[in-house]
Amino acid sequence: MKISIINGPNLNLLGKRETGIYGNTSFESFLEQLKQKFSAIDFSYYQSNIEGELINEIQRVGYDVDGIVLNPAGFTHTSVAIGDAIAAIKAPVVEVHISNVHAREDFRKLSHISGKSAGSIFGLGLKGYELAIEYLLSAK
Ligand code: DQA
């Protein structure tokens, strides 16, 4: 089982960035925990601050892996093109947000991703990535 985790802009700063909202854990250390917990899964991980690079990665893995866990971060609320890329590929996508986007500014309530995704998880912290993986495992 192959699962790709793709993180969008500023998520390279997890652990340092607005820790009251996003917590103190870096994604790299969390990924190590995920790999230990789900040792049978072949993970790939990609992060970019650049919209087109995220689209390239979604296209690259989208016909190969069994599922994608995607946190498009700020592009969630602006990127028609990332939504189109999700619609174009074969792999199911689970949209994850660490924070509860519906309890924040109004502009975060719009997602170009949710309608193209198998489902969305928000507000459960890094646990959301774990739940998304569990869903993809059960859906396989
Ligand atoms: C986020 C929520 C987005 O609104 C924000 O732009 C992010 C992170 C989250 O994981 O909570 O960068 O996707």
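Indexing begins at 1, ligand by ligand and atom by atom, following the structure's order. All values below were derived from every heavy atom in this structure, side-chain atoms included, with hydrogens, water molecules and symmetry-related copies excluded.
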For ligand 1, is any non-hydrogen atom under 4.0 Å from [X]'s backbone (N, CA, C, O), its side chain (CB onward), both, or neither?
X: Glu95; value: neither
X: Ile21; value: neither
X: Val96; value: neither
X: Arg108; value: side chain

N or O pair under 3.5 Å between His97 and ligand 1: yes
For [X], the ligand 1 atoms whose distance to one of its heavy atoms is below 4.0 Å:
X: His77; answer: 3 (C), 4 (O)
X: Asn71; answer: 9 (C), 10 (O), 13 (O)
X: Val101; answer: 2 (C), 4 (O)

Between [X] and [Y], a side-chain donor and acceptor under 3.5 Å:
X: Asn49; Y: Glu51; answer: no
X: Ser4; Y: Ser44; answer: yes
X: Thr76; Y: Glu95; answer: no
X: Glu53; Y: Ser48; answer: yes

heavy-atom search around atom 9 (C) of ligand 1 in the protein gives Ile98 N, 3.3 Å
Quick test: of every protein heavy atom, which one is nearest to atom 12 (O) of ligand 1, and how far off is it to 0.1 Å? Arg17 NH2, 2.9 Å
[X] side chain to [Y] backbone, donor-acceptor under 3.5 Å:
X: Ser117; Y: Ser120; result: no
X: Thr19; Y: Lys16; result: no
X: Asn71; Y: Asn7; result: no

Report the relative orientation of the aromatic rings in Phe107 and His77; use parallel for angles under 30°, tilted for 30 to 60°, perpendicular for over 60°. perpendicular
Out of Phe75, Phe107, Tyr22, Tyr129, the nearest non-hydrogen contact to atom 7 (C) of ligand 1 is supplied by Tyr22
